[in-house]
Amino acid sequence: MLDINRIRNNPEEVKNALLKRMDAVDFTELLQWDKQRRELIVLNDEKKAKRNKVSNDVPRLKKEGKDVSQLFQEMKTLSDDIKQNDEKLREIEDKIHDYLSALPNIPAEDVIAGGKESNEVLRVWGEKPVFDFETKNHVDLATDLNLIDYERGVKIGGNSFWVYTGVGAILEWALLNYFIEEHLKDGYTFLLPPHILNYKCGYTAGQFPKFTEDVFKIDTSEANESMQFLLPTAETALVNYHVNEILTEDELPRKYFAYTPCYRREAGSYRAEERGMIRGHQFNKIEMFQYTTPEDSENAFVELVTKAEKLVQGLGLHHRVSKLAAKDCSASMGKTFDIEVWIPSMNDFKEVSSASNAYDYQARRGNIRFRRQSTGRTEFIHTLNASGLATSRIFPAILEQYQQEDGSVVVPEVLRKWVGTDIIKNV
RNA sequence: GGAGAGAUGGUCGAGUUGGUUUAAGGCACCGGUCUUGAAAACCGGCGUGGGUUCUGCCCACCCUGGGUUCGAAUCCCAGUCUCUCCGCCA
């Protein structure tokens with residue numbers, strides 16, 4: 001949600017910024033509604049003030065034995081008038097609200113216009129592993145080593161589901177343990193939120209009302225404000241943790257992380273090249289989240305990106321960091337960096353973490369504020385999130401980057417204490 | 001799932017036979033006086049949002065949404081949530 005005052009005061013500035021991610025922006029109608037709204041408020045508040053004044057006089061007039069029936073007639077008309085204006089006002093405010101709800105966040109100044117093709121690679125870590133033997137892709141490795149059962153996953157869940165089995169499950173859990181340990185070391189608070197969320201959560205996060213079709217809804221009824229859905233990312237839960245709250249300045253920053261599976265419909269996005277576990281309806285992810293003051297959010301952003309990078313580096317996986325162009329960022333985000341890991345069989349980098357600064361966009365939608373010590377006034381908080389990390393691309397990257405000629409896979413050092421072995425081979 | 005009770009500004013809590021409560025009072029908190037310092041005492045301040053002709057004034061908000069009325073925290077209807085008891089249950 002953008003600040004209507006900002007649009008009113010600097011329409012051209014906001015418009016030009018939004019044009020980095022939108023094809024057309026026109027505030028003419030919005031500003032008209034805004035003007036109508038304020039005129040109507042002035043008019044109606046005057047009427048209400050009069051009504052209040054008369055109401056206060058009534059007891060005295062009655063005590064004095066005056067006849068008030070004529071006055072009541074007038075007040076009846078006035079009240080009907082107020083009621084009508086309130087209805088008009090509500091219609092206008094609904095229109096304004098709907099319009100603002102649909103606008104994406106303003107891209108940060110240093111975010112460039114355009115889509116995916118304009119993304120900028122900031123840095124690359126490590127090198128592409130070179131193999132002097134014929135390599136396998138992660139699907140074959142996972143199948144041959146009995147780490148993942150794709151067929152039975154489809155049998156019990158449907159297309160794009162899989163089952164981690166035996167050592168595969170242990171390896172998956174080792175990754176999560178590794179991430180959790182690192183976040184605890186950095187002083188983040190561990191949360192395990194519900195996986196089923198209400199409509200308001202999706203709205204605050206900025207996913208609703210536009211993307212209700214991307215989530216698994218719990219009941220079969222139409223999307224409405226009493227619906228519940230399976231969370232597509234823990235971010236949706238974490239951004240709502242302090243919804244409608246006013247935090248004190250010294251409580252900030254708040255640093256959280258959560259583990260949840262992520263449930264996504266991914267309707268129509270299936271591609272043969274993404275078979276295996278690159279894109280499923282359910283995947284495990286640990287999500288980092290911060291609530292900060294406006295002046296601290298840029299530093300927090302750097303911290304989150306750095307933390308995510310460190311996790312991939314700790315696993316020794318070749319990866320890169322990209323700065324997304326405006327159109328490739330989710331609607332709620334003003335700036336996003338992606339961390340992508342190298343998948344040899346695909347000859348490409350795949351996202352394992354997306355770090356974003358939503359600035360005050362989500363906080364406005366969720367009414368999340370803090371009290372500024374120096375002024376005593378409330379301000380909107382800044383919210384940031386970053387995966388730390390999603391396992392569904394890390395797992396394949398490990399298999400493929402650490403595979404050996406005999407079909408076995410070396411376990412990254414940091415995971416060995418949980419996996420219990422330094423090499424995974426077929427027995 | 002069944003029965004009952006409740007929801008008021010950071011907290012406790014008054015107000016619920018509708019009209020100087022246009023939300024009292026206590027506590028906490030902030031500022032001041034006093035004091036070597038602190039406590040106590042005393043004085044003052046102390047919810048959120050919106051509008052504005054902005055050193056001020058006005059409007060809205062007493063769980064949410066409707067309704068009755070000249071007028072609703074107060075009456076009526078619907079819903080949400082919390083608590084207690086019972087049942088069921090990992």
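These numbers were taken from a predicted model, which means no experiment stands behind them. Lettering follows sequence order; numbering is per chain, from 1.
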Notebook entry, point to check: For RNA chain B, what residues of residues 69-79 of chain A have any heavy atom nearer than 4.0 Å?
Noted result: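 A:Phe72, A:Met75, A:Lys76, A:Ser79, in order of number.
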How many Å lie between [atom1] on [X] and [atom2] on [N], as a whole number?
X        : N      : atom1 : atom2 : answer
A:Asn244 : B:rC81 : CG    : C1'   : 14 Å
A:Asp250 : B:rG10 : CG    : P     : 17 Å
A:Leu61  : B:rU20 : CG    : C1'   : 13 Å
A:Asn198 : B:rC81 : CG    : C1'   : 12 Å

Whether [Y] and [X] form a salt bridge (side-chain N of Lys/Arg under 4.0 Å from carboxylate O of Asp/Glu) is what I want to check.
X        : Y        : answer
A:Asp3   : A:Arg6   : no
A:Asp34  : A:Arg38  : yes
A:Asp328 : A:Lys116 : yes
A:Arg60  : A:Asp57  : yes
A:Glu303 : A:Lys255 : yes
A:Lys155 : A:Asp149 : no

Is there a Watson-Crick or G-U wobble partner for [N] with both distances under 3.5 Å, and if so, which one is it?
N      : result
B:rU55 : none
B:rC27 : B:rG10
B:rA41 : B:rU33
B:rA60 : B:rU48
B:rU16 : none
B:rU84 : B:rA3

Separation between the [atom1] atoms of [N] and [M], rounded to whole Å:
N      : M      : atom1 : result
B:rA72 : B:rG66 : P     : 14 Å
B:rC62 : B:rG10 : P     : 14 Å
B:rA38 : B:rG31 : P     : 12 Å
B:rG56 : B:rU16 : C1'   : 35 Å
B:rU74 : B:rG18 : P     : 12 Å
B:rU64 : B:rG6  : C1'   : 16 Å
B:rA24 : B:rG15 : C1'   : 8 Å
B:rG71 : B:rU21 : C1'   : 15 Å

Next item on the list: Can you check each nucleotide of nucleotides 48-67 of chain B against protein heavy atoms at under 4.0 Å and return B for base, S for sugar-phosphate only, - for none, in 5' to 3' order?
Entry: SSBSS-----SSS-----S-
Next item on the list: For A:Thr204 and A:Gln362, test the side chains for any donor-to-acceptor distance below 3.5 angstrom and give the result as yes or no.
Entry: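 Checked: A:Thr204/A:Gln362 side chains show no N/O donor-acceptor pair below 3.5 Å.
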Next item on the list: Enumerate the residue pairs fulfilling side-chain hydrogen bond (donor to acceptor under 3.5 Å, both in side chains) with a member in residues 172-184 of chain A, sequence neighbours excluded, ordered by first and then second residue.
Entry: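 Sorted pair list: A:Tyr164-A:Glu172, A:Glu172-A:Asn284, A:Glu172-A:Thr391, A:Glu181-A:Lys417, A:Glu182-A:Lys185, A:His183-A:Lys307.
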Checklist line | Heavy atoms of other groups near A:Tyr150 OH, more than 12 under 6.0 Å | finding: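 For A:Tyr150, atom OH is crowded (more than 12 foreign heavy atoms under 6.0 Å).
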Check: Between A:Phe216 and A:Arg264, is there a cation-pi geometry (under 6.0 Å to ring centre, at most 45° from the normal)?
Finding: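 No, A:Arg264 does not sit over the ring of A:Phe216.
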